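Only a predicted model underlies this, so the values are computations on that prediction, with no experimental measurement involved. Every chain is numbered from 1, with letters handed out A, B, ... down the list of sequences.
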Amino acid sequence: MNPLGNFTTPSGFWNPILWLLVFLILLLLAYLIWKRGEESYKRGTMQTDPFLSGYGPESKEAIHVRAGNIYWGFTRALKGYYSFLRKIHTGIINDYVGWYIGILALMLLLYLLWGGS
Amino acid sequence: MSWEYLVNHSPALIIIVPLLAAFGTPLIGRFSRKAMYIWIIASLTLTEIIAIIILHTVYISGKPMVYVMGANPYNMAVPPDSGGIPIRIIFTVDAFSSFMAFVASTVALAGGIYSISCEAQQSAQEKYYALLLLMLVGMLGMVLTGDLFNFFVFLEINSLASAALVSYRIDKGLAVEAAFKYAIISSIGALAFLFGIGILYGEYDALNMAMIASRMKFTDLDKIVMALFTVTLGMKAGAIPMHYWVPDGYGKAPGAISAMLVTASQASLYGLFRVSFTVFGLAANTATLGWFIIMLGVLSMFVGVTMALIQHDIKRLMAYHAISQTGYMLLGVGVGLATLGTAAFNQYGLAAMEGGIFHIINHAMYKGLLFLTAGAVIYRVGTSDLNKMGGLAHTMKYTTIFFMIGALSIAGIPPFNGFASKLLIYESVYQFNPVLSILAMIVSILTLASFVKVFHSAFMGPKIHDVKEVPKSMLIGMAILTFFIILFGLFPNIALNYLVAPAAKALANPLGYIARVLGGGA
């Protein structure tokens, strides 16, 4: 077994060391391109402030997007799906046991019908 | 004590060491806290070393180790006057068992070291560490035993210790409520499991898995037992729709315990795979059983990740991801079971099983790491609410790096370990059913999206909390798991050849397991 060798999969192979080498070369290229950029750029000056039609930028604390607002569109689009999921996650232990018993009954039926000889 | 003696008795020693350490901890803790920490870390390290010895021994011999408690010689499973029946408590340690023992002891070691600083301000630490060690004993016993009743006993040890540890922080009663729910559902599941054992004992006069498998007639009673076993162990592993205890339990447990709960669930997953392949595999319709496991896997993957996306409590979010990742393991091994005994097994079924089993160790490492990073964040910020976090990367640089590694790994981004196991699952499952494989890839994308949300909310943005990096012992705990993530990511062949492939082959060979025990064990 060669630890540096190819990791064989059912349809091909994967070589993480080769991938890492390519990634490092790309990183180097990106760095070289970045080095050729605008030299007059100065961090922390007016150059880096966002332009909001003449209004002053809000404080960073005020514009930080909180976790509750991230993927709002995604959850809104799947409103029906999520309302069902929220409904079944009651937090009540009786329901937890109910689901367990229900699946047990279902599997009992399936195994009795198609479980084998 | 000679090396050979140590190797021969290693299956017993791996239980004895943490068990004695658990009972010794409260005593030593009464005299010196520092001595107690040394005692705990020494015992966890010794357990890890024994796990590696077992792993190496089973790999070299290529066949299961049989250890009989109280027998002389130690491996005499079937004494001459027993009428061909294996008696006493028998540990049957094949490559899959030793693989699981290594996973459990590694995460426990990382969790133990991490806890020293993380729980330093808490009261009743002796009880915490005693329970942590008992939890490890439960996991190790579950994965090493060859006896069903013994499995039940260790399952109970594991569940009771876990429930007590979930309630450790109390957290205005919320942690106690989570532990109560976990204890109730675990007890009902354990009773159902015990009922199944009783039926098998009544039918076959045996509790040994190999003996039962060799006598299995697969009557309607056995089908009832199969449902009791698979559904109970599926529930304990956190499969949807029996997962409700997982976000409660994982969410309220201390960080290190959440990481260990992952391996505790995996010990139940081991039980599910063990009974499916070894006890029922030769007689049951493995296609039906395989499809049941696949459906549990698909539901767990998809519902788990979509529920994770809407969480704003960091621990609950990660708990839903744990459910989702368990789905990958169920999917991979389920495909192996569904194709067992057909030509497709050699084409892609075995590779799917390897992917599923590889994902067990990968998941234990990266999910363990992620829970430790979540614990580190809560340790400093004092809340688990992502809405109240931000900018932690400014000051908690190492924790941020560890989180990034864990997050990229769970999302299956190369070159981390999650990618290697997911690649095996995608490719092999695609040949079984392309829809399932595509669904698994979509789940990976949603996983990445979810962890981008955590990364942005907790670590990016302006500095909201004036906090510093966590203490060294917590960083060491995280570093241990990170080491394996990088090792198995950059050199997946090491994991595949030494750990995963032997485990998959052992699981798919119930005849070898049965013959080893009933052949006398020598």
Within the structure provided, determine whether B:K223 and A:L108 are in side-chain contact (heavy-atom separation under 4.5 Å). no
Nearest 0.5 Å, what's the CZ-CG distance between A:R66 and B:L386? 10.5 Å
Contacting region of A:Y82 [heavy-atom separation from chain B under 4.5 Å]: side chain
Contact part of B:H243 toward chain A, heavy-atom cut-off under 4.5 Å: side chain, backbone, both or neither? side chain
Highest number of heavy-atom pairs under 4.5 Å with chain A: which of B:T286, B:L289, B:T232, B:L423? B:T232
With the side chain counted from C-beta on, respond yes when B:V303 and A:Y81 share a heavy-atom pair under 4.5 Å apart, and no when they do not. yes
Just so I understand: if I count every heavy-atom pair under 4.5 Å between each of B:Q431, B:K453, B:M389, B:M460 and chain A, which residue has the most? B:K453
Taking the side chain as every heavy atom from C-beta outward, state whether A:F74 and B:I310 have any atom pair closer than 4.5 Å. no
Which atom of A:G68 lies closest to which atom of B:N387, heavy atoms considered: N-OD1, 2.6 Å
Atom CZ in B:F419, atom CH2 in A:W19: separation rounded to 0.5 Å? 9.0 Å
Below 4.5 Å, heavy-atom pairs only: which of A:I88, A:L20, A:N69 has the largest tally toward chain B? A:I88
Enter the distance from B:E427:CD to A:W14:CH2 here, rounded to the nearest 0.5 Å. 11.5 Å
Proximal component of B:D248, with respect to chain A [non-hydrogen, under 4.5 Å]: side chain
Residue pair B:P492 / A:F7: nearest heavy atoms and the distance that separates them: CB-CD1, 3.6 Å
Under a 4.5 Å cutoff for heavy-atom pairs, which residue among A:N15, A:L85, A:I92 has the most contacts with chain B? A:L85
Does any backbone or side-chain atom of B:L350 lie under 4.5 Å from a heavy atom of chain A? Answer side chain, backbone, both or neither. neither
Calculate, to the nearest 0.5 Å, the distance between atoms CZ and CD1 belonging to B:F180 and A:I93 respectively. 7.0 Å
Which value, rounded to the nearest 0.5 Å, describes the distance between A:L110 atom CG and B:N285 atom CG? 11.5 Å
For B:Y430, look at atom OH and say whether over 12 heavy atoms of other residues, nucleotides or ligands are found less than 6.0 Å away. no
Below 4.5 Å from any heavy atom of chain A, which atoms of B:L496 appear? Answer side chain, backbone, both or neither. side chain
With a 4.5 Å cut-off on heavy-atom pairs, point out which of B:Y348, B:F292, B:Y426 contacts chain A the most. B:F292
Which bit of B:A449 comes within less than 4.5 Å of chain A, counting heavy atoms only: side chain, backbone, both or neither? both
Side-chain contact, heavy-atom cut-off 4.5 Å: B:L309 with A:T75? no
Would you indicate whether the side-chain heavy atoms of B:P414 and A:P16 approach each other to under 4.5 Å? no
Between B:T288 and A:Y111, does any side-chain donor sit less than 3.5 Å from a side-chain acceptor? no
Measure B:F280 against the heavy atoms of chain A and call it side chain, backbone, both or neither at under 4.5 Å. neither
Assess, by modelled atom type and distance only, whether the side chains of B:Y244 and A:T90 contain a donor and an acceptor separated by less than 3.5 Å. no
Evaluate whether atom OH of A:Y31 has more than 12 neighbouring non-hydrogen atoms of other residues, nucleotides or ligands under 6.0 angstrom away. no
For A:Y96, is it the side chain, the backbone, both or neither that has a heavy atom under 4.5 Å from a heavy atom of chain B? both
So, taking the atom named CE in B:M307 and the one named CZ in A:R86, what distance separates them when rounded to the nearest 0.5 Å? 7.0 Å
Is B:L221 close to chain A through its backbone or its side chain, or both, or neither, when contacts mean heavy atoms under 4.5 Å? neither
Please rank B:A351, B:P241, B:G234, B:G461 by heavy-atom pairs under 4.5 Å with chain A and give me the top one. B:P241
Does any heavy atom of chain B fall under 4.5 Å from the side chain of A:N6, the backbone, both, or neither of them? backbone
Considering only heavy atoms, which portion of B:T230 lies under 4.5 Å from any heavy atom of chain A: side chain, backbone, both, or neither? side chain
Please classify the contact between B:A352 and chain A as side chain, backbone, both or neither, with a heavy-atom cut-off of under 4.5 Å. neither
Engaged part of B:M235 at the chain A interface, taking heavy atoms whose separation is under 4.5 Å: side chain
